[in-house]
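What follows is a set of notes on a single structure, which appears directly below.
Counting starts at 1 for both ligands and their atoms, following the listed order.
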Amino acid sequence: MRKTKVVKVKNLKIGGGNPIRIKGMLKSPTSKKSLLLQEAKALQREGAELLRVAVQSEKDTKLAQFLRKSISIPIAADIHFKPKLALLAIKDGFDQIRLNPLNITRKKDIKEIAKFAAEKKVPIRVGVNSGGFKGRLTPLGIARQMVDKCADYIKILESQKFFDIIVSLKSADIESTLAANKEFSQNFNYPLHLGITASGPRLEGVVKSSQGLGILLNSGIGDLIRVSLTADSLLEIQVSKHILRFLNLRKFGPEIISCPTCSRCQVDLVKIVNILEARLKRLELKKPVRAAVMGCVVNGPGEASQADLGVAFSKKRGAVFKKGKVLHWSTPSKAIDDLIREVKKDGF
Ligand code: SF4
């Protein structure tokens with residue numbers, strides 16, 4: 001894994017071998033404060049470790065104080081076009097600000113922000129998105145421009161002795177995101193916030209984000225992820241957790257291994273898995289537990305026995321396994337109760 005400098009956003013350490021962090025984004029209008037707060041609480045509860053708020057006006061810079069009354073995770077202000085808002089967001093208590101090198105460009109402004117951020121110990125994310133470039137560019141052309149813009153910006157910040165920098169290089173295209181982040185990581189040791197921007201509708205966005213972030217994370221690149229979907233912000237956190245969990249980078253409570261079902265399956269496995277998933281979620285387990293639910297004897301006993309717990313169905317009955325051993329036989333209607341009982345007994 002690539003070891004970067006550690007940047008602290010409030011009390012959250014990012015980079016340097018710390019766990020890959022999950023960032024969430026508030027989507028409610030900032031004018032609807034109760035909705036915004038509700039969303040922030042839900043994202044924190046789901047596992048977001050840092051929250052990003054779009055700061056578009058002087059009124060929005062007060063949101064850090066408002067959210068902090070009920071939210072314990074750090075809050076980042078996403079700022080475009082107006083350097084004054086960056087200064088106000090720092091003054092009004094945001095824990096991090098994001099600057100876009102494509103729309104806050106005057107050296108004088110950048111230096112002033114860097115000085116004030118250093119004084120208040122507020123880190124800056126330098127975030128470049130492919131959407132900021134005009135014209136038709138090749139994926140590698142986009143990557144080149146993103147890295148160059150970022151490098152120029154970093155030079156200005158460093159000239160002010162400002163080093164609490166996190167970088168994001170996001171494109172709607174996987175190829176350019178990979179190329180930009182790979183190149184950046186070879187030349188700089190600032191932590192990388194990864195994301196595929198404007199990733200598309202729900203299903204496409206989930207696949208594109210999983211592929212793009214998965215490839216980078218698996219090569220040791222990336223210190224924080226923010227999944228962007230044209231969908232609910234809660235789903236973005238859930239997908240982030242799945243990406244990290246399936247790469248064995250983080251552990252988050254229960255994981256269900258279930259087969260896709262086929263003509264051999266003689267029980268309603270989809271229903272069983274859905275009920276099990278809901279009941280495990282209600283238990284709010286913090287420790288990881290792998291529960292396998294398999295439709296027949298082809299792969300069932302193997303998967304069930306490799307998990308912490310499992311049930312492998314054979315015709316209308318299911319063998320309940322725990323740590324590789326068959327405990328007893330059960331029925332589809334009782335199997336879930338049996339698994340849940342064992343989960344509670346072992347206090348996972
Ligand atoms: S485990 Fe059995 S039921 Fe499930 S997909 Fe495989 S063969 Fe089909």
Counting only heavy atoms not in E284, do more than 12 sit closer than 6.0 Å to its CD atom? no
Here's one to test your reading of the geometry: is the NZ or CZ of K33 within 45 degrees of the ring axis of F66 and under 6.0 Å from its centre? yes
Can you tell me which residue and heavy atom of the protein come closest to atom 2 (Fe) of ligand 1, and the distance to 0.1 Å? C296 SG, 2.3 Å
Starting from atom 6 (Fe) of ligand 1, which protein heavy atom do you reach first, and at what distance in Å? N299 ND2, 4.0 Å
Residue and atom name of the nearest protein heavy atom (relative to atom 4 (Fe) of ligand 1), distance in Å to one decimal: C259 SG, 2.4 Å
Report, as yes or no, whether the 6.0 Å neighbourhood of atom NZ on K149 holds more than 12 heavy atoms from other residues, nucleotides or ligands. no
How far is atom 8 (Fe) of ligand 1 from its nearest protein heavy atom, and which residue and atom is that? C262 SG, 2.3 Å
Can you tell which of R98, R52, K170 makes a side chain to side chain donor-acceptor pair (under 3.5 Å) with H193? K170
Proximal ligand 1 atoms for R264, defined as those under 4.0 Å from one of its heavy atoms: 7 (S)
Using the rule given for side-chain hydrogen bond (donor to acceptor under 3.5 Å, both in side chains), can you reason through Q56 versus T30, listing the C-alpha separation, both sets of side-chain angles and the distance that settles it, and then say yes or no? CA-CA 9 Å; Q56 302 174 82; T30 50; 4.7 Å; no
Neighbour count above 12 (heavy atom, 6.0 Å) for K334 NZ: no
Does any N, O or S atom of C265, backbone or side chain, fall under 2.8 Å from atom 2 (Fe) of ligand 1? no
What part of V297, side chain from CB on, backbone N/CA/C/O, both or neither, has a heavy atom under 4.0 Å from ligand 1? neither
